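Each chain gets a letter, A, B and so on, in the order its sequence line appears, and its residues count up from 1. Please read these numbers as outputs of a predicted model, since none were measured by experiment.
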Protein chains: 2
Amino acid sequence: MRPKHNTLTPQELEIMKLVWQRGAATVRDVYEVLLQRRKIAYTTVMTMMKILETKGYLKKRRQDRAFLYRPAHPKSQIIGGMIREFIDRVFNGSVEPLLVHLVKSRHLNEKDLQKIVRLVEESE
Amino acid sequence: MRPKHNTLTPQELEIMKLVWQRGAATVRDVYEVLLQRRKIAYTTVMTMMKILETKGYLKKRRQDRAFLYRPAHPKSQIIGGMIREFIDRVFNGSVEPLLVHLVKSRHLNEKDLQKIVRLVEESE
DNA sequence: TTTTTAGTACTAATTAATTAGTATGTCAAG
DNA sequence: CTTGACATACTAATTAATTAGTACTAAAAA
């Protein structure tokens, strides 16, 4: 059975990336990184992380005074869901047109292709 | 120079797909197709197509009483922009992790790979 | 000619996503 | 003990996306 749409909004994704990278993070951890990228309030980050928890992307437990957030699911699963959603939405579910585009736009060249050929060989 | 972010919202994309398919379409054409998929008002479709025109995705000219809308840019260019945006947002711009995911999740198999190998050979 | 139909223009309500303010509590430093 | 730093909870404003209503116009049908 096909798993339920698993898709993060852009800002949610930005935060999840940081949490995945670190394994676990507090609001402050995330806030400090985001602040270097753009103007943002501490409470904004807090709200977003609470939303991510509500939606089931993050789990929290108290560490000292603050909450420590961890991913509730492996990154690969969530990213996989996003790829699936993208392919469904843009290409009605078929991968091939995506690959054709990648090749034609030169995002995918001989070298990349070699890597992936090896990957498929390994995984079969 | 990297072209500006070219990205359609889900509903915009749904409409653009229909216009691309037909080459040109009136509000009514699109409305009738969408109505079979879900409950939607004629004026909703009209508003969306007007927005798409404002954003530069569609051009219109009058045909009899109604406007006939045509794509302002080739589909490949717009879809290419969406792929680029997705890869930037999800994979910080590198294609490889996308391919790795596709292979591991079995969305991409030996057969797909053969096709694309041939494509790359042709395009080089 | 009157009425109906099909279309547009303009306006606005609703929902989701994003952002952030205010009140409050607690711990630690002075 | 009081003050400041830091955290959460709760509330709310803003913006973008989506949806649709109402008024009006022109053509077609009766």
Restricting both atoms to N or O, compile the protein contacts to nucleotides 12-16 of chain D shorter than 3.5 Å, with distance only.
none

Measure from the side-chain N and O atoms of A:His73 to the backbone N and O of A:Gly56, and report whether any donor-acceptor pair falls under 3.5 Å. yes
Is a side-chain donor or acceptor of A:Thr44 paired with a backbone partner of A:Ile40 at a separation under 3.5 angstrom? no
Can you tell me how far P of C:dG21 sits from CE of A:Met48, to the nearest Å? 17 Å
Spacing of B:Tyr31 atom OH relative to C:dG7 atom P, expressed in whole Å: 11 Å
Report the nucleotide, chosen from D:dT8, D:dT18, C:dG7, that has the shortest atom-to-atom distance to any side-chain atom of A:Ala66. D:dT8
Could you check whether A:Tyr42 gets within reach of a base, just the sugar-phosphate, or nothing at all, counting any heavy atom under 4.0 Å? base
State whether the side chain of A:Thr54 and the backbone N or O of A:Lys50 hold a donor-acceptor pair below 3.5 Å, judged by distance alone. yes
Is there a side-chain polar atom (N or O) of B:Thr44 under 4.0 Å from OP1 or OP2 of D:dT19? no
Comparing B:Val45 with B:Lys55, nearest DNA chain D nucleotide closer to 5' gives the residue B:Lys55
Could you tell me whether A:Lys60 sits above the aromatic face of A:Tyr69, with NZ or CZ closer than 6.0 angstrom to the six-membered ring centre and within 45 degrees of the axis? no
How close do A:Pro74 and A:Trp20 get, counting heavy atoms only, and between which atoms? C-NE1, 4.4 Å
Return the value, rounded to whole Å, for the distance between atom CE of B:Met49 and atom C1' of D:dT18. 16 Å
Given D:dA20, C:dT18, D:dA9, the nucleotide with the shortest approach to the side chain of A:Lys50: D:dA9
Students often mix this up, so state it plainly: with edges at 30° and 60°, are the rings of B:His101 and B:Phe91 parallel, tilted or perpendicular? tilted
So, is A:Arg28 near the phosphate of D:dA7, with a side-chain N or O under 4.0 Å from OP1 or OP2? yes
Quick one: salt bridge (Lys or Arg N to Asp or Glu O under 4.0 Å) pairs with a partner in residues 6-34 of chain A, sequence neighbours left out? A:Glu12-A:Lys55, A:Glu14-A:Arg37, A:Glu14-A:Arg38, A:Arg28-A:Glu32
Looking at A:Glu96 and B:Lys115, does any basic side-chain N land under 4.0 Å from a carboxylate oxygen? yes
Can you tell me the distance, in whole Å, between the CZ atom of A:Arg62 and the P atom of D:dA7? 11 Å
Rounded to whole angstrom units, what separation is found between the CD1 atom of A:Ile40 and the C1' atom of C:dG21? 14 Å
In B/S/- notation (B base, S sugar-phosphate only, - none; protein heavy atoms under 4.0 Å), nucleotides 22-30 of chain D written 5' to 3' is B---BS---
Could you walk me through whether A:Ile87 and B:Leu102 pass the side chain to side chain contact (heavy atoms under 4.5 Å, CB included) check? CA-CA 11 Å; A:Ile87 293 174; B:Leu102 289 175; 3.9 Å; yes
In this structure, how many angstroms lie between the P atom of D:dA17 and the CD atom of B:Glu12, rounded? 7 Å
